[in-house]
There are 4 protein chains.
Amino acid sequence: MIITVDPHDPRPIYVQIVDEVRRAIVMGILPPDAPLPSVRQLAVQLRLNPNTISQAYRELERLDLAYVRRGQGTFARSAPPNDAERAALITDVAARALIDAHRNGVTVDELVDAIRRATQPRQDLAS
Amino acid sequence: MIITVDPHDPRPIYVQIVDEVRRAIVMGILPPDAPLPSVRQLAVQLRLNPNTISQAYRELERLDLAYVRRGQGTFARSAPPNDAERAALITDVAARALIDAHRNGVTVDELVDAIRRATQPRQDLAS
Amino acid sequence: MIITVDPHDPRPIYVQIVDEVRRAIVMGILPPDAPLPSVRQLAVQLRLNPNTISQAYRELERLDLAYVRRGQGTFARSAPPNDAERAALITDVAARALIDAHRNGVTVDELVDAIRRATQPRQDLAS
Amino acid sequence: MIITVDPHDPRPIYVQIVDEVRRAIVMGILPPDAPLPSVRQLAVQLRLNPNTISQAYRELERLDLAYVRRGQGTFARSAPPNDAERAALITDVAARALIDAHRNGVTVDELVDAIRRATQPRQDLAS
DNA sequence: GTGGTCTAGACCACG
DNA sequence: GTGGTCTAGACCACT
């Protein structure tokens with residue numbers, strides 16, 4: 001289980017951790033009851049204060065994505081969604097993006113182009 | 001020119017104002033040199049602290065979307081639709097969509113597909 | 001609005017604060033949208049670290065009993081329950097106490113006596 | 001003698017064990033000098049770390065509810081039903097009820113009334 | 001070993 | 001002024 005944080009990311013660090021772990025759980029990379037890295041271990045690995053990790057884990061518990069067993073650690077809770085749930089989720093994400101685009105006067109093509117550009121930043125520079 | 005803010009919106013109030021005005025300018029609703037509402041007038045209308053409006057207008061000036069004429073007020077920039085500004089706006093929208101997708105374990109391809117599907121609901125089946 | 005904490009209480013301090021504020025809100029002492037004491041102010045008053053107050057307020061927000069307005073402060077949210085809700089609440093509390101008592105082999109009379117004793121600790125010592 | 005623990009119970013595991021055994025002893029289910037299950041046996045049965053059972057038994061000894069005979073095991077105290085212990089247990093139950101009531105803005109009188117009402121559902125209306 | 005609580009103190013964004 | 005985030009470091013309870 002690899003978790004990374006980016007200090008240049010505008011999201012608070014603890015939110016970045018929440019998002020990373022959420023993704024791992026939602027996608028089934030972390031199956032139910034799988035142990036998350038311990039607070040201290042992750043703090044050392046990411047060179048962060050344990051409190052920051054703790055805050056992230058507390059948030060995950062609040063989101064019902066993880067649970068704590070005293071003296072044992074933190075564990076993943078929810079099962080990955082089935083195909084129908086996943087399809088609905090994808091549609092939701094797309095819908096939110098479209099609303100955001102529309103609100104800002106951005107066309108669909110511009111949005112898709114920008115997404116492509118952001119995720120395939122470098123083409124072949126050679127030749 | 002109608003500006004609204006939503007206290008439930010997670011964006012800071014002043015950012016909401018910036019976004020509203022930016023959109024109006026970028027989309028041509030506010031033509032070059034058109035006067036923006038005065039700080040005091042807008043503060044009364046939105047029931048906000050004038051400082052908040054000021055902060056938004058300062059940000060608009062910083063973004064080169066407006067300019068101040070002492071004693072006269074704030075005006076939309078006369079420059080041609082600011083391409084750089086528009087590009088930044090598009091990039092922002094794309095970035096938000098990508099964060100949302102990543103958060104939910106949705107891949108870029110799935111996101112783009114869903115956007116396309118949502119906006120081209122009907123497809124010509126003929127040759 | 002008076003809030004007190006007792007270091008001898010086994011509950012964590014932040015939980016004590018949550019309980020005090022919750023009670024004030026639930027009982028209508030703090031009407032909807034009434035401002036809670038600011039984090040710093042309460043920290044000074046209770047001689048606690050602001051982080052501890054913050055943790056309590058975050059929990060209140062999680063419980064949907066308070067909300068935060070950036071730069072303005074924290075405010076009470078829910079309205080006091082009506083009579084029927086209140087009666088149901090009281091019945092629930094009593095039911096939980098009875099279950100607890102039964103589980104521990106404590107009779108109803110013993111429970112009531114102990115409650116009376118705990119809340120009227122000193123009778124007239126004179127005469 | 002059946003002992004169960006519930007991982008969802010907010011009480012620490014070892015406290016749950018103490019409470020179960022305490023109740024059995026206080027209520028006379030475990031007569032004086034009756035042997036408690038061995039640490040290892042109970043650990044296997046409850047799928048717990050033997051250290052946890054040990055901690056519970058140590059607490060029981062501290063509470064003067066059990067005693068250890070080296071090489072033989074742990075036994076219920078022979079003393080007459082421990083009045084002091086029982087009183088402490090009753091006080092604990094009452095204290096929990098009071099915290100719960102206070103948390104929910106329920107007064108002591110309301111709590112006692114509700115308890116009485118719940119346990120004396122029918123009342124003689126005759127003379 | 002695990003997570004939970006608390007203190008002290010810093011810096012930031014917001015209104 | 002407000003709350004939010006983060007660091008550093010301490011002590012505690014639990015397994």
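Proteins get letters first, then strands, A, B, ... in listed order; numbering begins at 1 in each. All figures in this text were calculated on a predicted structure; none of them were measured in a lab.
Per the geometry, CD1 belonging to C:Ile17 stands 8 Å off P belonging to E:dC6, to the nearest Å. Regarding A:Gln55, its CD atom lies at a distance of 13 Å from the P atom of E:dT5, rounded to whole Å. Atom-to-atom, CG of C:Asn49 to C1' of F:dG4 comes out at 14 Å; the value is rounded to the nearest Å. Atom-to-atom, CZ of C:Arg40 to C1' of E:dA10 comes out at 11 Å; the value is rounded to the nearest Å. Going from atom OH of C:Tyr57 over to atom P of F:dT5 covers 17 Å, rounded to whole Å. Protein atom CD of A:Glu61 is 14 Å distant from nucleotide atom C1' of E:dT2, rounded to whole Å. Distance A:Glu59 CD to E:dG4 P: 14 Å, rounded to the nearest Å. Rounded to whole angstrom, the span from the CZ atom of C:Arg70 across to the C1' atom of E:dC12 amounts to 13 Å.
Comparing C:Val15 and B:Tyr14 along DNA chain E, the residue whose closest nucleotide (by nearest heavy atom) sits nearer the 5' end is C:Val15. Between A:Gln41 and B:Leu48, the one whose closest nucleotide on DNA chain E sits nearer the 5' end is A:Gln41.
C:Ile13 comes within 4.0 angstrom of the backbone, heavy atoms only, and of no base.
Close to E:dT2, at under 4.0 Å from its OP1 or OP2, lies a side-chain N or O of A:Ser38.
For C:Arg58 against F:dG4, no side-chain N or O and base N or O form a donor-acceptor pair under 3.5 Å. Counting distance only, with no hydrogens placed and no angle test, the side-chain atoms of A:Asn51 and the base atoms of F:dG9 include a donor-acceptor pair under 3.5 Å.
For the side-chain contact (heavy atoms from CB on, under 4.5 Å) criterion with B:Arg22, the lone passing option out of B:Leu65, B:Leu30, B:Ile17, B:Val15 is B:Leu65. Exactly one of B:Thr74, B:Val21, B:Val68 qualifies for a side-chain contact (heavy atoms from CB on, under 4.5 Å) with B:Leu60. That residue is B:Val21.
Using a 4.5 Å heavy-atom cutoff, the side chains of C:Glu20 and D:His102 are in contact. Side chains of D:Leu42 and D:Gln45 form a contact here, defined as non-hydrogen atoms less than 4.5 Å apart.
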| said: Could you write out DNA chain F as dot-bracket? Rules: Watson-Crick or G-U wobble, both distances under 3.5 Å, brackets [ ] for crossings, | for pairs with another strand, dot for unpaired. | reply: ||||||||||||||.
